[in-house]
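Below, read A as the first sequence line, B as the second, and so on, with proteins coming before strands; counting in each chain starts at 1. Everything numeric here is computed off the predicted structure, so don't read it as measured data.
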There are 2 protein chains.
Amino acid sequence: MDAEAIKRSLEGSGLRCTAQRYAVMEFLMDHKGHPTAAEIFEAVNHVDPRSSRATTYNNLRDLVKAGLVREVAVEGRAGRFDLQGMRHHHFICDRCGNVEDMEWFDVPRPASRSLGKRIVRECHLIFRGLCPKCAQRSASR
Amino acid sequence: MDAEAIKRSLEGSGLRCTAQRYAVMEFLMDHKGHPTAAEIFEAVNHVDPRSSRATTYNNLRDLVKAGLVREVAVEGRAGRFDLQGMRHHHFICDRCGNVEDMEWFDVPRPASRSLGKRIVRECHLIFRGLCPKCAQRSASR
DNA sequence: AGACAGTTTAGATTATATCTAATATAATAT
DNA sequence: ATATTATATTAGATATAATCTAAACTGTCT
């Protein structure tokens, strides 16, 4: 049934539902922790080495372009990916670089004069600080 | 006088005002366009090859840690840097990857229950879409 | 079957950033 | 002043992240 959902979202975006693409989507569905491209590639191929690194990157790019997946760039670290399911903001840990979802809420649009000739497609809030794990380690010293 | 200001901010953050560090700060002051580390290194060394790549990266990292400089990660591209002068948000162009400043405005804090045990240090809004230049090129076809 | 667009592949390549360990410099102490 | 120490810099090697290449494969349509 999830299988059908994945198939439908891929085809709805004009992408064939190939085994490799399916595997990427499935992995993201099962791992909400914002994996890196390398982790996705590793995991998907560990069991069944069907996919190459290039394909994983190609597919992630296509999925991002199609709006099914979101990439979050993190300073000095590999980019991280998650499914664009319910809208949400992000929290990035200063110490460990992990990315976590934050509840969605609307953000005020900037004054149109400050937009100038820009076309804004989305806006997205990034919180930074210490994740629960790192905050605790910090406190206990 | 700007020279003094740079010196004071460096020393106020416990960083020695070395020639290399000074040059990075000065370049960022004169180039508001969010240059990459490679661009900073290139530019600073073009006239006066005093600094190595490693030093540029080291210094940028120290300056970010000290809060004088901000790094903005961009998906699939090199990170970009700017001075942490007046608070501001950012706009990233989908097409060319350029980063622009957006006027600062306060963002509502998330409900504390959704914060959990996280410690939030800052939050920062990232707008995405087409910058003026790319928007125009898009329209004229 | 044949043609075609889209997709995948392994490996090479590029781009980005960090590490190493020797050296230099500045601040402090003697 | 000189010695001591912590901090900073360097060139080049290395690590990491992502993309490119060109050939091969797959699914769809006719």
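Rounded to whole Å, atom P of D:dA18 lies 10 Å from atom CG of A:Leu60. Here C:dT8 presents its C1' atom at 17 Å from OH of A:Tyr57, a figure rounded to the nearest Å. Atom CD of B:Glu39 and atom C1' of C:dA17 are 15 Å apart (whole Å). Note: CG (A:Leu63) to P (C:dT7) measures 11 Å, nearest angstrom. Between A:Glu75 atom CD and C:dT16 atom P the separation is 16 Å, expressed in whole Å. Taking atom CZ of B:Phe41 as the reference point, atom P of C:dT16 lies 14 Å away to the nearest angstrom. Put simply, CG on B:Asn58 is 9 Å from P on C:dC19, counting in whole angstrom units. When rounded to the nearest whole Å, the span between CD1 of A:Ile40 and P of D:dA18 equals 10 Å.
Comparing D:dT9, D:dA18, C:dA17 by their closest approach to the side chain of A:Glu71 singles out D:dA18. Here the nucleotide nearest the side chain of B:Ala37, chosen from D:dA8, C:dA17, C:dC19, is C:dA17. Side-chain atoms of B:Asn59 lie closest to D:dT9 of the nucleotides C:dA17, C:dC19, D:dT9.
A:Cys123 has its side chain out of reach of B:Ile126: every pair of non-hydrogen atoms, C-beta onward, lies at least 4.5 Å apart. Using a 4.5 Å heavy-atom cutoff, the side chains of B:Cys17 and B:Glu11 are in contact. Proximity of A:His34 to A:Asn98: side-chain heavy atoms (C-beta onward) are nowhere separated by under 4.5 Å. With a 4.5 Å cut-off on side-chain heavy atoms, B:Thr18 and B:Leu10 do not count as touching.
Between A:Val69 and the choices A:Asp82, A:Asp62, A:Asn59, A:Leu28, the side-chain contact (heavy atoms from CB on, under 4.5 Å) rule is met once, by A:Leu28. Remark: of the listed residues A:His124, A:Arg128, A:Glu100, A:His124 is the sole one forming a side-chain hydrogen bond (donor to acceptor under 3.5 Å, both in side chains) with A:His90.
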Go along nucleotides 22-30 of chain D 5' to 3' and tag each nucleotide: B for a protein heavy atom under 4.0 Å from its base, S when only backbone or sugar atoms are that close, - otherwise.
-> ----B----
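No donor-acceptor pair under 3.5 Å is formed between the side chain of B:Thr55 and the backbone N or O of B:Ser51.
Proximity of residues 17-36 of chain A to DNA chain C (heavy atom under 4.0 angstrom from any strand atom) is restricted to A:Thr18, A:Gln20, A:Arg21.
Relative to the six-membered ring of B:Phe91, A:Arg118 meets both conditions, a distance below 6.0 Å and an angle of at most 45° to the axis.
Environment of CZ in B:Arg53: sparse, with no more than 12 heavy atoms of neighbouring residues, nucleotides or ligands closer than 6.0 Å.
Backbone-only contact: A:Ala78 has heavy atoms under 4.0 Å from sugar-phosphate atoms and none from a base.
Summary of the strand contacts: B:Leu15 and B:Gly76 both lie near DNA chain D, and taking for each the nucleotide with the nearest heavy atom, the more 5' one is attributed to B:Leu15.
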